[in-house]
Amino acid sequence: MSFANLNSNLVRLGAASAALLAPVVAFAQEAAPAAAEAVAAAPVPDKGDTAFMFLCTILVLFMLIPGLALFYGGLVRAKNMLSVLMQCTVIGSTVMLAWVIYGYSFAFGGSENAYFGGFAKLFLSGVTPESTAATFSDAVIPEYIFIMFQMTFAAITPALIVGAFAERIKFSAAVLFCLLWVTVVYLPVAHMVWDANGLIFGWGALDFAGGTVVHINAGVAGLIGAIMLGKRTGYGKDMMAPHSMTLTLVGAAMLWVGWFGFNAGSNLEASGGAMLATVNTFIATAAAVVSWCLVETFTRGKASMLGAASGMISGLVAITPAAGIAGPMGAIVMGLMVSPLCYFFVAVVKNKFGYDDTADVFGVHGIGGLFGAIATGVFASASLGGIGYAEGVTMGGQVMTQIYAVVVTILWCGIGSIILYKLVDLIVGLRVPVEAEREGLDLASHGEAAYHS
């Protein structure tokens, strides 16, 4: 074959190859911009939002240890101080482990079930430093920080219950009950209220930071525990005044500071919504402190430090479900209204029915949470300064939805808690012996004392 013929054949072969490859080249040219656009559109967490959520997560931990521990510790007698500190510390730690093993999956595992998050995220399966969680806008945050933030909520909620049966429960019983309670009660309620596939979420109920999930849940479980364990030995006869109102105020102040992480962090990003939650957490709480002091002044003639601390917690509880929803003036009204209501249950109802709720968990968290959850339906109204309702929703309709959410929470928690208290009583027993109670749980249960004279 001559060089000219070879060259001619190569030219024809090149043309045929080019014709065959032309569709592939064209597809690649069309696909390249689309692929580049897809890569560019992949959500990237904002560093500011991530840092904000990290701070909020640490603040919620600060609420539990040392905040809640010191608040409850000051309210009990000196001989039971360490027992309360231990219960808060160990219960919180136990729930943190349960959360990463199965709790996160059960609450936010992606299942379309209305009551249960599923098993997809067991042992944090599929979670990496690159995986993200959605916020309420088009932004995302690292999934790890969302997991940790929700973990602190799960850890502090059962610790709140401790205050209702303090000074008489076995340490093992407190830890076992709280672990079972988180599994059977807290996780399903959290899924129902906060997961997009949850039953109560689907109804359109508003709970910005945990009025139902945290406070009504803990309050109802605390009331049932106080009744089922019975009164403390000597209740109504022996002096059972708080041993250190100083520590109680220190703990309450830590709770107020930490609560900014609780409420503002529930916005999931550092935006105007977080700042609305922040200002509401300031002023609703301040209004509740003043309101409780006024009520005590009119009814008892003197305002007490215990009352001021109780008002502080009542205001924080009440504004929690409405923190990023109500306007500032609505938050003030909620704070002014909640204290007289909680005071009535603490000073009148508890004495009338004779149950021994050591730290008034039901009177403050249960009633304050119930009021806040329902009032959120009112003060969400744009006419009252709130962010407004979903399209087609009226104030009356929203309030009824809030009531439905409250009723479901009370029933789920109430029935579940009764069963779990009975179960724990069968396994390890609920109450310490009378002798141990008289000696004090610090020495009887832990072999150490908070104070040495």
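Nothing here was measured: the structure is a model prediction, and the numbers come from that model.
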Measuring from [X]:[atom1] to [Y]:[atom2], what's the distance to the nearest 0.5 Å?
X: L206; Y: T376; atom1: CG; atom2: OG1; result: 7.0 Å
X: N80; Y: L441; atom1: CG; atom2: CG; result: 4.5 Å
X: T401; Y: W203; atom1: OG1; atom2: CH2; result: 8.5 Å
X: S304; Y: W292; atom1: OG; atom2: CH2; result: 8.5 Å
X: I169; Y: L229; atom1: CD1; atom2: CG; result: 5.0 Å
X: L249; Y: F71; atom1: CG; atom2: CZ; result: 9.5 Å

**Item:** Step-by-step side-chain contact (heavy atoms from CB on, under 4.5 Å) determination, V214 to F262
**Value:** CA-CA 11 Å; V214 176; F262 202 82; 3.9 Å; yes

Please give me the minimum heavy-atom distance between [X] and [Y], naming the atom from each residue.
X: A284; Y: A331; result: CB-O, 3.4 Å
X: V432; Y: S445; result: CG1-OG, 4.5 Å
X: A155; Y: G92; result: CB-O, 3.8 Å
X: V279; Y: P328; result: CG1-CG, 4.2 Å

Can you name the side chain to side chain contact (heavy atoms under 4.5 Å, CB included) partners of [X], sequence neighbours left out?
X: I410; value: I216, V220, L370, V406
X: I427; value: L176, L423
X: M254; value: F62, P66, L70, V250
X: V434; value: T233, R438

**Message:** L443 vs K79, test: side-chain contact (heavy atoms from CB on, under 4.5 Å). Steps then yes/no.
**Reply:** CA-CA 8 Å; L443 289 172; K79 63 183 181 180; over 6 Å; no

Checking [X] now: which residues fulfil side chain to side chain donor-acceptor pair (under 3.5 Å) with it, not counting sequence neighbours?
X: T212; value: D207
X: W99; value: none
X: Q150; value: none
X: T409; value: none

Could you check if a side-chain atom of [X] sits within less than 4.5 angstrom of a side-chain atom of [Y], using non-hydrogen atoms only?
X: Y343; Y: T299; value: yes
X: S314; Y: F371; value: no
X: L187; Y: V182; value: yes
X: T152; Y: L64; value: no
X: L199; Y: Y115; value: yes
X: K350; Y: F345; value: no
X: I313; Y: H365; value: yes
X: I374; Y: V399; value: yes

How would you list, by chain and number, every residue that makes a salt bridge (charged side-chain N to carboxylate O under 4.0 Å, His left out) with [X], sequence neighbours excluded?
X: D357; result: none
X: K170; result: none
X: E167; result: R77, R232

**Request:** Mind telling me whether F165 and Y421 have parallel, tilted or perpendicular rings, with 30° and 60° as the class edges?
**Result:** perpendicular

[Y] backbone acceptor or donor facing [X] side chain under 3.5 Å:
X: S131; Y: V127; result: no
X: Y389; Y: G377; result: yes
X: N280; Y: A326; result: yes
X: D442; Y: L82; result: yes
X: D49; Y: A270; result: yes
X: T57; Y: M148; result: no
X: H215; Y: I367; result: no
X: E437; Y: R168; result: no
X: Q398; Y: G204; result: yes
X: T89; Y: L85; result: yes

**Request:** Before giving the answer on side-chain contact (heavy atoms from CB on, under 4.5 Å), spell out for T358 and L75 the whole-Å C-alpha distance, their side-chain angles and the decisive distance to 0.1 Å.
**Result:** CA-CA 8 Å; T358 308; L75 289 174; over 6 Å; no

Counting only heavy atoms not in [X], do more than 12 fall under 6.0 Å of its [atom1]?
X: Y355; atom1: OH; answer: yes
X: Y235; atom1: OH; answer: yes
X: F171; atom1: CZ; answer: yes
X: Y451; atom1: OH; answer: yes

**Item:** Test side chain to side chain contact (heavy atoms under 4.5 Å, CB included) applied to L420 and V184, I415, L179, I224, the passing residue
**Value:** V184

**Message:** Between W259 and M63, does the side-chain contact (heavy atoms from CB on, under 4.5 Å) criterion hold? Intermediate values first, please.
**Reply:** CA-CA 7 Å; W259 221 290; M63 291 175 67; 3.5 Å; yes

**Request:** Please determine, by modelled atom types, if T183 and Y102 share a side-chain donor-acceptor pair under 3.5 angstrom.
**Result:** yes

**W181 and T157 side chains, donor-acceptor separation under 3.5 Å** = no

**Item:** ring pair (Phe, Tyr, Trp, His ring centres under 6.0 Å) partner of F108, chosen from F149, F116, W194, F146
**Value:** F146

**Prompt:** What residue pairs, at least two apart or across chains, pass salt bridge (charged side-chain N to carboxylate O under 4.0 Å, His left out) with a residue in residues 131-147?
**Reply:** K121-E143

